[in-house]
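Sequence lines set the chain letters: A, B, ... in the order given, protein chains first and strands last, and positions in each chain run from 1.
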Protein chains: 2
Amino acid sequence: MSNPTGLTPLRERLRTTVRSDLARVAVEMFLEHGFDTTTVDAIAAAAGVSRSTFFRYFPTKEDAVLAQIEARGEQFREAALVRAADEPPLLAARNALTPLIEDMGRNRERSIAVIRLIEQTPSLRARRIDKQHVLRAMLTEVMASRMATDPANDLRPALIAGVTLSMFDTAQTAWLKAGGEASLSDLVDEAFATIGREFAAVNAQA
Amino acid sequence: MSNPTGLTPLRERLRTTVRSDLARVAVEMFLEHGFDTTTVDAIAAAAGVSRSTFFRYFPTKEDAVLAQIEARGEQFREAALVRAADEPPLLAARNALTPLIEDMGRNRERSIAVIRLIEQTPSLRARRIDKQHVLRAMLTEVMASRMATDPANDLRPALIAGVTLSMFDTAQTAWLKAGGEASLSDLVDEAFATIGREFAAVNAQA
DNA sequence: AGCGAGATGAAACTCAGTTTCATTGACGGT
DNA sequence: ACCGTCAATGAAACTGAGTTTCATCTCGCT
């Protein structure tokens with residue numbers, strides 16, 4: 001190893017710091033003044049760097065807000081990988097959401113404020129959903145490997161991933177509407193149970 | 001009435017023509033040269049209008065491509081409204097997709113080319129999904145009224161809408177991957193059946 | 001014929017995002 | 001301690017999307 005001390009090099013630490021500073025400052029300014037009226041120049045100035053530097057850390061203004069979502073994606077992936085192999089796939093997908101849900105419960109106000117900001121801003125809304133698609137692709141992969149199947153031929157992994165995230169999204173919207181009062185975890189469980197009954201109704205008909 | 005002839009006024013017909021011309025020209029140019037490298041100036045020039053006029057008809061460059069999706073949204077809404085009241089809600093939602101599916105089958109190559117263009121272009125992808133959210137809200141409303149319930153308290157309409165569109169999306173992706181060879185309608189049916197079995201597996205476990 | 005309004009074009013402007021280049025300062029090796 | 005390398009930064013010029021303002025034109029009505 002070229003680094004005998006074993007410590008993270010200064011450069012790398014600095015990079016991480018600058019990046020999180022930029023994201024934090026950006027979100028604060030967006031929450032206070034709105035997304036569109038806050039320019040990249042202003043964010044960079046407030047964070048004490050140049051405009052150029054901002055774009056070196058985030059490809060777009062939107063990404064400064066959505067960076068944290070990607071971080072949660074990795075957390076989600078790990079949770080999905082450790083679920084017991086004998087759980088029905090759909091249940092495993094639901095349970096992989098748990099750490100994410102707990103995280104959102106801990107930072108309730110901040111989570112809600114950011115989600116509201118995203119919902120109100122078309123460009124943020126659009127790009128957030130795009131990131132969720134990446135999340136879905138990831139979950140599809142994990143599901144495929146746990147089900148020992150090929151997602152190119154077998155639609156099940158993609159369907160389970162899509163439906164799971166769709167239900168989570170609906171539950172999250174309901175949670176938001178209630179101002180975060182209800183338990184998000186309970187709402188997700190309710191969503192799964194509800195759709196389960198709807199499918200049962202269709203099958204009974206057939 | 002200020003129009004004794006009963007005919008659509010010339011102005012209005014002209015507006016519609018200009019709008020569809022712009023959309024057609026834009027999509028053609030995007031398909032040939034790519035989305036990012038085609039400027040609004042070039043589109044406007046090719047359609048014989050000014051840059052200003054383009055932005056009077058479409059708020060963004062993306063909307064010139066996605067306009068047709070909104071048109072299909074209305075078609076979908078009408079189909080959902082006429083489904084028999086005694087169909088299970090989830091089945092009614094699935095069947096409301098039929099006219100849309102048939103439409104896509106008729107314009108197979110064009111549909112596939114446009115969808116591929118959208119998938120390849122981040123900004124188009126993002127905004128398309130945003131439009132799908134509008135679609136989901138609409139379907140939620142229709143489902144709520146047919147189920148005679150309030151979507152603010154009852155999650156079922158939103159869940160059914162979300163899950164239905166998610167499955168349609170997955171089926172569409174599979175259809176695309178097969179180059180439109182398979183029957184999209186069959187793929188959608190397969191998706192519903194598959195997820196139905198997955199929920200049955202979870203319920204059996206419990 | 002002439003008036004009012006909707007539709008257009010032209011031009012200037014803001015800002016996001018890209019590209020290029022010069023400067024700085026941390027790091028490894030001498 | 002000194003030096004060459006290279007990653008990180010800042011500055012500046014550029015492209016193109018989207019907005020705003022204003023002048024012009026032409027359709028539809030009186």
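- Under the ring-ring contact (aromatic ring centres under 6.0 Å, His included) criterion, the residue pairs touching residues 38-77 of chain A are A:Phe54-A:Phe58, with sequence neighbours excluded.
- If you take CG of B:Leu22 and P of C:dA7, they are 14 Å apart, rounded to a whole angstrom.
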Please tabulate, for the side chains in residues 179-188 of chain B, all donor-acceptor contacts under 3.5 angstrom to protein atoms that are two or more places apart in sequence or on a different chain.
unit_1: B:Ser183; atom_1: OG; unit_2: B:Ser185; atom_2: N; d: 3.4
unit_1: B:Ser183; atom_1: OG; unit_2: B:Asp186; atom_2: N; d: 3.0
unit_1: B:Ser185; atom_1: OG; unit_2: B:Arg94; atom_2: NH2; d: 3.4

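- Under the side-chain contact (heavy atoms from CB on, under 4.5 Å) criterion, A:Glu74 pairs with A:Arg77, A:Glu78, not counting sequence neighbours.
- Between B:Asp21 atom CG and C:dT8 atom P the separation is 12 Å, expressed in whole Å.
- Considering every non-hydrogen atom in both A:Leu176 and A:Glu119, the closest pair reads CD2-CG, 4.5 Å.
- The CZ atom of B:Arg127 sits 7 Å away from the P atom of D:dG18 (whole-angstrom rounding).
- For the side chain to side chain donor-acceptor pair (under 3.5 Å) test, no residue two or more places apart in sequence or in another chain qualifies with B:Glu102.
- Within residues 27-40 of chain B, the residues that place at least one heavy atom under 4.0 Å from DNA chain D are, in residue-number order, B:Thr38, B:Thr39, B:Val40.
- Atom C1' of nucleotide D:dA7 and atom CZ of A:Arg56 are separated by 10 Å, given to the nearest angstrom.
- Contact annotation: B:Tyr57 does not reach the phosphate of C:dA7 (side-chain N/O to OP1 or OP2, under 4.0 Å).
- Among the heavy atoms of the strands, none lies under 4.0 Å from A:Phe58.
- Residues forming a side chain to side chain donor-acceptor pair (under 3.5 Å) with A:Glu62 (at least two apart in sequence, or on another chain): A:Thr60, A:Ser123.
- Evaluation of the side-chain contact (heavy atoms from CB on, under 4.5 Å) rule for B:Arg146 yields B:Arg83, B:Glu87, B:Ala92, B:Met143 as partners, not counting sequence neighbours.
- Of all the residues in residues 43-55 of chain B, B:Arg51, B:Phe55 reach under 4.0 Å from DNA chain D with at least one non-hydrogen atom.
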In a table with atom names and distances, give each donor-acceptor pair under 3.5 Å that connects a side chain of residues 22-37 of chain A to protein atoms at least two apart or in another chain.
unit_1: A:Arg24; atom_1: NH1; unit_2: A:Asp21; atom_2: OD1; d: 3.2
unit_1: A:Thr37; atom_1: OG1; unit_2: A:His33; atom_2: O; d: 2.4

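- The separation between B:Lys61 atom NZ and C:dA16 atom C1' is 14 Å, rounded to whole Å.
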